[in-house]
Structure formats: C-alpha cells, structure tokens
Amino acid sequence: MKKLKLVCILSVIGILALAGAIVHNPAENSMLGEARLKVLGVAEAAGSWVCSKCGFHIVTKSGNKPSPGSCSRGGSHNWQAGN
C-alpha cells in the first residue's frame, strides 16, 4: 500500500513538473505558441469604438467602424476610436 501511494505521489509530481515546463516556455510548444498568436491576431484586429455623444462603447471583431445606428441623444452615433 505504501509503494502504491509513493508511485501515485511521484506520478503527480512528474505530471505537474511537465505541465509547468510546457506553460512556462510556450515558445517550445508549437500548439500553445500557435494559440497565443491567434489570440493576439484577434486582439489586434478588434476595434474599440465610443460614441462621442452618448458614450456608448462597442468592440468590433474586424476593427472596422460600426454602422451609425441611432443614438439615444438624437440622430446617429458619432463613432470615435476608443481604447
């Protein structure tokens, strides 16, 4: 029984060490590196826009300016690049 516990504990330690090494250095792991680049690409493409009249905030996936729509302060939204 003691040997089984020791094997289980050593196995868990090995798994945690391996997982830590992969997460610590994602450049060596191509799958994690590709996922990180995809996330960064989406973040760069996304555009943040704020209406200068009413302060409504919107984020577009493409980064393009959204359609004017109707503003609660009258007329159309006046979109300005936000952060």
Discussion item. Testing the basics here: between Lys53 and Cys71, what is the closest heavy-atom pair and its distance to 0.1 Å?
Written reply: CB-SG, 3.9 Å

Fill in: Residues that Ser52 engages under side-chain hydrogen bond (donor to acceptor under 3.5 Å, both in side chains), provided they are two or more places apart
Asn78

Fill in: ILVMFWY clustering at 4.5 Å (side-chain atoms), partners of Val7
none

Worksheet entry | Residues which pass side-chain contact (heavy atoms from CB on, under 4.5 Å) with Pro66, listed by chain and number, not counting sequence neighbours | Trp49, Ile58, Thr60, Trp79

Item to complete: Among Ile, Leu, Val, Met, Phe, Trp and Tyr joined by side-chain contacts under 4.5 Å, find the other residues sharing a cluster with Leu10 and list them by chain and number.
Response: Leu6

Worksheet item: Can you tell me if Lys65 uses its side chain to pair, donor with acceptor, with the backbone of Gly47 under 3.5 Å?
Response: no

Worksheet entry | Smallest separation among heavy atoms of Ser70 and His77, with atom names | O-NE2, 3.4 Å

Response to the item:
d(Cys51 SG, Gln80 CD) to nearest 0.5 Å is 8.5 Å

